[in-house]
Amino acid sequence: MRILLIHSDYLEYEVKDKALKKPEEISENQKKGRLDEVLAVFMSVEKVDEQNPEEIVEKAVKEIEEVVSQVKTNNIFVYPFAHLSSELGSPDVALRILKEIENELKNKGYNVRRAPFGYYKAFKLSCKGHPLAELSRTIVPGEAKKEEEVPEALKKEEELVSYWYILTPEGELVEVDKFDFSGYENLKKFANYEINKSRVVTEEPPHVKIMLEQELVDYEEGSDPGNLRYYPKGRLIKSLLENYVTEKLIEYGAMEVETPIMYDFEHPALEKYLNRFPARQYVVKSGDKRFFLRFAACFGQFLIKKDATISYRHLPLRMYELTRYSFRREKRGELSGLRRLRAFTMPDMHTVAKNLQQAMEEFKKQYKLSMEVLKGVGLTPKDYEVAIRFTEDFWNENKDFIVDLTRIIGKPVLIEMWKQRFFYFILKFEFNFVDNLDKAAALSTVQIDVENSQRFGITYYDEEGQEKYPLLLHCSPSGAIERVMYAILEKQAKLMKKGKKPMYPPWLSPIQVRVIPVSEKYLDYALYIAGKLEGAKIRADVDDRNERLNKKIREAEKEWIPYIIVVGENEKRMGVITVRKREDNKQYEIHVEDLIKEIKQKTEGFPYKPRPLPPLVSMRPKFRG
RNA sequence: GCCCCGGUAGCCUAGCCUGGUGGGGCGGCGGACUUGUAAUCCGCAGGCCGCGGGUUCAAAUCCCGCCCGGGGCUCCA
C-alpha cells in the first residue's frame, strides 16, 4: 500500500463520473464532502497487499495515527487515490481495506470521512506546507517498510546498510556486539552513539557554561541561531587555532587559496552536487538570482582545479582554505554550543591524486598529520576515538592498509562497512571526541573521493599526455575550529569532574601571566615585570585594581591563568618574582628570565598573538556581567 | 517541524504550586581599609517580572496566544 499524507487547511471533493464499471454505491450526500484542519490520506492498495489485508489495515492505521498525533489534528480524510502505484490491487479488496481503515480510525475516536471509491472526483486541497505537512509511506505485508517523502539521495541512504565492526591493531575484525569493550569504555560509548544515536539527556553541555563564564564565546540573539559572538579572549583562542592549523597545512605542502562564500544555484556542476543533499543551505537573494552560502570549501577549490592545467608531475597537488565561515542550516534543535553551529570555521584541504595508490599514500600521511595537529591542541589518541568507513570491495583489496591505520593509532577502532558505495568516497576516517554527555563529535577527517573529479571536470595529463580524471582527497586535519574549542573545553570539564584544575594549552591561554602587586606601592615594579614578559612575547597583564590580594588571586585562578606572579617589598628589593604555578599549585621565588625561558620552551613551535585585552585589569569592561 | 524545560536589574538567582505593592548574591558607582597567595567592610543606584490578551477588587504568580533561548526527537555534506 502506498499512502500520501497531506496536512491541510481543508480538503473538499465532488463526485463527477464513474471510473470503474462497478463503483461503490453511494448516497446523495456522499457526492460532496469537506473537512477542515484535516490530515488528507491518499491511498493506493497494491497487489501485494492482497496477501494479508488485515495486516495492511493494522499497519496503515498505525502510520496514520502516528502522523495525526504529530500534526495535532483529529480530522482524517481517507481518499482512494490510484495514482500512487503502478501495481494496483483488485478494486474489491482495495475497497474492503479502505473501509476497514475508515472504521478502525472511527472506532479510535477520530473524525473520519472517506471519499467514494471508483469515481472521478474533483477535489480541492490546501496543504499547510510545514515540514511534516507532506509525507508518504509504503506499507507491505510481512515487514513494514517506511518511506518518507525525501530527496532521492536520502532514500538511497536509508536503504544503505551498514555493517559495524571493531578492528584491533592485531588485525582482528570483530562484530561490534561480540567485541569485549572492557578497557575501552570510551570506544564503547562512541560505537553506541554511532550505531544507536539515541540519547536521553537534558543537560547543558559543560563547555557552554565554561565558554560563557570565561567570556570566550556567547550567543548572539541579533543573528540566526548557531551564529556566535566571540569576545576578545575567545577570539584570541580561535584565531591562534586558525593560524596553527593553517601553518601546519602550509608546512605539509598545501597552497592556501581563498574562494567566495556564496555560489550560484544554477551552476551546473554545483547543482548536481547540491542535489545529493537535503536543503540545508542558507539562501541569499540578489536581484533575481539565488545563491547558497557554501557549506564547505569544496566548491571554490574544485572550480579552481577545473580551470587549472595540471600535469602528473604536479601530483599530489594540495590546496587549502580556512573557511570563515562555512554555513549549514542545521535544524534548530540540533544546534549545541560550540559543538554544532550554523556558521563555523573549517580548515579544508583538497588533494589531487594520480591514482588509488597515490591517494592511499596521501591518506595515510594525512591520517598521521591529523594526529599531530590534534596533539598540538592538547588532544592525544586517549582523548578521541577513530572510525574508519569503507566499502566491502575496498576492504577486501586493502586489508593490510586498514590494519596499519589501527597500528598507527595503537588501539581498536570502529569500522563501518558498506556493501556498495553510496557516498562520493570509498574510504574515510574520522577522529571523534566523546564528551561529558556521551555524545560524539567528529574532529579530523580524510576521505578519498572517486566522484567529484568527473562531476566538476577536474583532469590532469598523464605521462602519455592523456587527459585523466584524478582522485580527490578531502581533509580537515582538525575539524571545525569551533569544534576544537569545544573538545578542549569538554576535556577540561572531564578533568574538573575528577577534581583536577582545568588548564588551556599554554600557547592558547589568553593571558599567560598575571602580575599582582601586593599594594599600590609596588605597581611600578609589577608593570616592569609585565613589560619584560611582554617584550619576550608572552601575554602578561597587571591586576592594578584596588582589591584584596586574595581576591585577585582567586579571580586569576578562575580565569585559568597558568602563572600568577605576586610582587611586593621582598621581590622589589631582591629583583625577583614569586610565581604561583597552576600546573602544580606551588609557589616559586625565581628570576623573571627563568620564567620567560620556561614559558618560551612550552610554547615553542606554536603561533603567538599579543594580549587580547588592555594591560591593566582595571581598564577592562565586563562583557557579560 | 514536533516534544520537554526556561525567560525576574549587565550576570546568577529566590518568589510562581497556594494571586495581596519583587528578595538575595555577583558586577557597577561612592566611601573606609593599604592589603603577602582562592571572595575586606559600609553605603548608593539599577526592574514595563520576555511580549500581547484574558480571568480577578487585585496577576511575576492562574488561563490563552505569540516571541526568544536551551535540551530532546528526526536528520547531518
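Proteins get letters first, then strands, A, B, ... in listed order; numbering begins at 1 in each.
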| note | Encoded 5' to 3' (Watson-Crick or G-U under 3.5 Å; [ ] crossing; | other strand), RNA chain B becomes ((((((((.[[[[.)....(..]]]].(((((.......))))).....[[[[[..)....]]]]])))))))....
| What string of B, S and - do you get for nucleotides 32-41 of chain B, 5' to 3', when a contact is any protein heavy atom under 4.0 Å? | -BBBBBBBB-
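- The same atom, P, is picked in rG23(B) and in rG28(B); the two are 23 Å apart, to the nearest Å.
- Judged as a ring pair (Phe, Tyr, Trp, His ring centres under 6.0 Å), and not counting sequence neighbours, Tyr320(A) has no contacts.
- Across rC73(B) and rC57(B), the matching P atoms stand 47 Å from one another, rounded to whole Å.
- rC16(B) and rU21(B) have their P atoms separated by 13 Å, given to the nearest Å.
- Side-chain atoms of Tyr504(A) and Gln214(A) include a donor-acceptor pair closer than 3.5 Å.
- Between Phe299(A) and Tyr263(A), the two ring planes are tilted [angle within 30° to 60°].
- In summary, the side chains of Gln587(A) and Thr578(A) do not present any donor paired with an acceptor at a separation below 3.5 Å, with no hydrogens or angles considered.
- Remark: Lys439(A) fails to qualify as a cation-pi partner of Tyr486(A) under the 6.0 Å distance and 45° angle criteria applied to the six-membered ring.
- Using atom P as the reference point in both rG50(B) and rG22(B), the two lie 14 Å apart (nearest Å).
- Annotation: rG15(B) and rG24(B) have their C1' atoms spaced 11 Å apart (nearest Å).
- When all heavy atoms are compared, the tightest approach of Phe433(A) to Glu490(A) is CE2-CB, 3.5 Å.
- For the pair Arg329(A) CZ and rC75(B) P, the interatomic distance rounds to 18 Å; values are reported in whole Å.
- Taking atom CZ of Arg624(A) as the reference point, atom P of rG69(B) lies 15 Å away to the nearest angstrom.
- If you take CG on Asp449(A) and NZ on Lys428(A), they are separated by 12.0 Å, rounding to the nearest 0.5 Å.
- Heavy-atom nearest nucleotides on RNA chain B were determined for Gly226(A) and for Ala296(A), and the one closer to the 5' end corresponds to Gly226(A).
- Rounded to whole Å, the P atom of rG1(B) lies 30 Å from the corresponding atom of rG10(B).
- For the pair Phe623(A) CZ and rG28(B) C1', the interatomic distance rounds to 16 Å; values are reported in whole Å.
- Atom CD of Glu66(A) is separated from atom C1' of rU74(B) by 11 Å (rounded to the nearest Å).
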Return the polar atom pairs (N/O with N/O) between nucleotides 66-68 of chain B and the protein under 3.5 Å, or none.
{"from": "rC68(B)", "atom 1": "O2'", "to": "Glu221(A)", "atom 2": "OE1", "distance (Å)": "3.3"}

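- rC62(B) and rG6(B) have their P atoms separated by 11 Å, with the value rounded to a whole Å.
- As rounded to whole Å, 8 Å separates atom P of rA77(B) from atom CZ of Phe425(A).
- A salt bridge links Glu557(A) with Lys501(A): the closest approach of a Lys/Arg side-chain nitrogen to an acidic carboxylate oxygen falls below 4.0 angstrom.
- Aromatic ring centres of Phe291(A) and His267(A): separated by at least 6.0 Å.
- Positionally, the nearest nucleotide of RNA chain B for Asp224(A) lies more toward the 5' end than for the other of Asp224(A) and Cys298(A).
- For the pair Ile6(A) CD1 and rG1(B) C1', the computed distance is 17 Å after rounding to whole Å.
- Ser326(A) pairs by the side chain to side chain contact (heavy atoms under 4.5 Å, CB included) definition with Thr323(A), Phe344(A), Met346(A), not counting sequence neighbours.
- Considering only residues two or more places apart in sequence or on other chains, Tyr230(A) meets the ring pair (Phe, Tyr, Trp, His ring centres under 6.0 Å) condition with none of them.
- For the C1' atoms, the distance from rG25(B) to rC2(B) is 39 Å, rounded to whole Å.
- Rounding to whole angstrom units, OH of residue Tyr263(A) and C1' of rA77(B) are separated by 15 Å.
- Contact between Ser444(A) and Pro477(A) at its shortest, heavy atoms only, is OG-O, 2.7 Å.
- Rounded to whole Å, the distance from NZ on Lys209(A) to P on rG70(B) is 17 Å.
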| task | Let me see the working for Tyr282(A) and Asp224(A) under side chain to side chain donor-acceptor pair (under 3.5 Å), right down to the final yes or no. | result | CA-CA 11 Å; Tyr282(A) 274 108; Asp224(A) 195 41; 2.5 Å; yes
